[in-house]
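Here the structure comes first, spelled out in structure tokens, and everything after it is commentary.
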Amino acid sequence: MDTLKLILLIFQMISCVVLTVVIILQNGAEDGLGAIAGGSDTYLGKGKAGTLDAKLSRLTKWVAAVFVLLTLFVALLGSL
């Protein structure tokens with residue numbers, strides 16, 4: 001049981017570092033008030049599905065989900 005908990009903690013720490021790096025690599029939302037009025041809805045703004053920011057956003061969601069699940073599993077093992 002302790003070996004499993006140690007392995008999960010190591011994976012949790014790795015996912016924590018990966019999540020931090022992925023979040024830092026993303027560009028900030030610099031639309032400002034123009035996004036409210038629809039100013040960011042241009043031709044260049046519509047094709048963002050294949051950009052690096054879109055890929056980093058998807059990766060952030062997946063790594064965050066893994067991190068949350070690992071945290072729950074470690075907490076469950078700690079209570080046993």
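Taking hydrophobic clusters as Ile, Leu, Val, Met, Phe, Trp and Tyr residues chained together by side-chain heavy-atom distances below 4.5 Å, V21 shares a cluster with L52. I24 and V17 are not part of a single hydrophobic cluster, where members link through side-chain heavy atoms under 4.5 Å apart. Connection of M13 to L70 is not established within any shared hydrophobic cluster, with ILVMFWY side chains joined at heavy-atom distances below 4.5 Å, either directly or through further cluster members. Cluster annotation: F67 is not connected to L4 through the hydrophobic network of ILVMFWY side chains, with a link wherever side-chain heavy atoms come within less than 4.5 Å. W62 and V18 are members of different hydrophobic clusters when ILVMFWY side chains are connected at heavy-atom separations under 4.5 Å.
In this structure, OG on S15 lies 12.0 Å from CD1 on I10, to the nearest 0.5 angstrom. Atom-to-atom distance recorded for L56:CG and N27:CG is 8.5 Å, nearest 0.5 angstrom. Between the NZ atom in K5 and the CG atom in L9 there is a gap of 6.5 Å [rounded to 0.5 Å].
The shortest side-chain heavy-atom distance between I23 and L19 falls under the 4.5 Å cut-off.
In this structure, a donor-acceptor pair under 3.5 Å is present between the side chains of T71 and Q12.
Summarising the geometry of L8 relative to F73, their closest heavy-atom pair is CD1-CB, 4.0 Å, with the distance given to 0.1 Å.
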Audit row: D2, L6, side-chain contact (heavy atoms from CB on, under 4.5 Å) steps and yes/no
CA-CA 6 Å; D2 289 332; L6 179 65; over 6 Å; no
